Amino acid sequence: MRNVLVVISGPSGVGKGTIARLLTEREGYALSVSCTTRPPRPGEKNGREYFFLSREEFLQKINTGGLLEYSEHFGNFYGTPRDFVTEKLQKNDVILEIDVNGGLKVKESYPRAVLIMILPPSLEEVKRRLKKRNTEGEAEIELRMQRIGYELSKKDLYDYAVVNADLYKTAEEIERIIEGEKNKDQN
Ligand code: 5GP
């Protein structure tokens, strides 16, 4: 069985962070840690949620080819460290929780990457979750809501789309997808 590179994307507030965490806690998948220039939110730790870099450090990573992909949104850079992922992939299935543009770029470098989009049960539900998280102001929430339409428009380019009505069931469904993909290669 091969190790699979799994990309999990979906609109902000859809629960993809929690799902990725559930998967890594329960099944021991390795979670990739991205680099970002956004400041840490309360409770976030360098090297755990993200590697928090200055803009200069991030630009240097771009220039030295250290990122598998990167994109800029909400005025900040986000990118996947290339070595981190390749090393982890030697031993484990690796989960990337990144945006749609990033996911599609990863597929260009790793055509066998499995792209999974998490869909909200409804747009109202996403807004409610974003407000409940209470880490962004109204204007920021509006920006994120606008981005949702764009993310959802790319759904058909993804390999799978899963509606997240229940975090645990969604994590299980994704686990089944990954197992199926691992076994595909045995034939
Ligand atoms: P947040 O600021 O809420 O942690 O993340 C904002 C957005 O950045 C989310 O859509 C998240 O999936 C995306 N993101 C996080 N890491 C990466 C990355 O390494 N590459 C790309 N392209 N997007 C990322």
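Model, not experiment: these values are computed from the prediction. We count ligands from 1, going down the list as the structure has it; atoms in each ligand are counted the same way.
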Under 4.0 Å between a Lys/Arg side-chain N and an Asp/Glu carboxylate O for E173 and R176?
no

Please confirm whether T80 approaches ligand 1 to less than 4.0 Å, judged on its heavy atoms.
yes

Nearest non-hydrogen partners of R55 and T37, listed with the distance
CA-CG2, 3.9 Å

Can K61 and E57 be counted as an ion pair, charged N to O under 4.0 angstrom?
no

Nearest neighbour in protein (non-hydrogen) for atom 24 (C) of ligand 1:
Y78 CB, 3.5 Å

Measuring from non-hydrogen atoms of R147 to any atom of ligand 1, is the shortest distance under 4.0 Å?
no

Starting from atom 22 (N) of ligand 1, find the nearest protein heavy-atom neighbour and note its residue, name and distance.
D99 OD1, 2.5 Å

K105 and ligand 1 - part of the residue with a heavy-atom distance under 4.0 Å:
neither

Would you check whether R41 reaches within less than 4.0 Å of ligand 1, judged by its heavy atoms?
yes

Side chain or backbone, does R38 bring an N or O within less than 3.5 Å of an N or O on ligand 1?
yes

Under 4.0 Å between a Lys/Arg side-chain N and an Asp/Glu carboxylate O for R38 and E72?
no

Among all protein heavy atoms in this structure, tell me which lies nearest to atom 16 (N) of ligand 1, with the distance rounded to 0.1 Å.
S34 OG, 3.2 Å

Measuring from non-hydrogen atoms of K16 to any atom of ligand 1, is the shortest distance under 4.0 Å?
yes

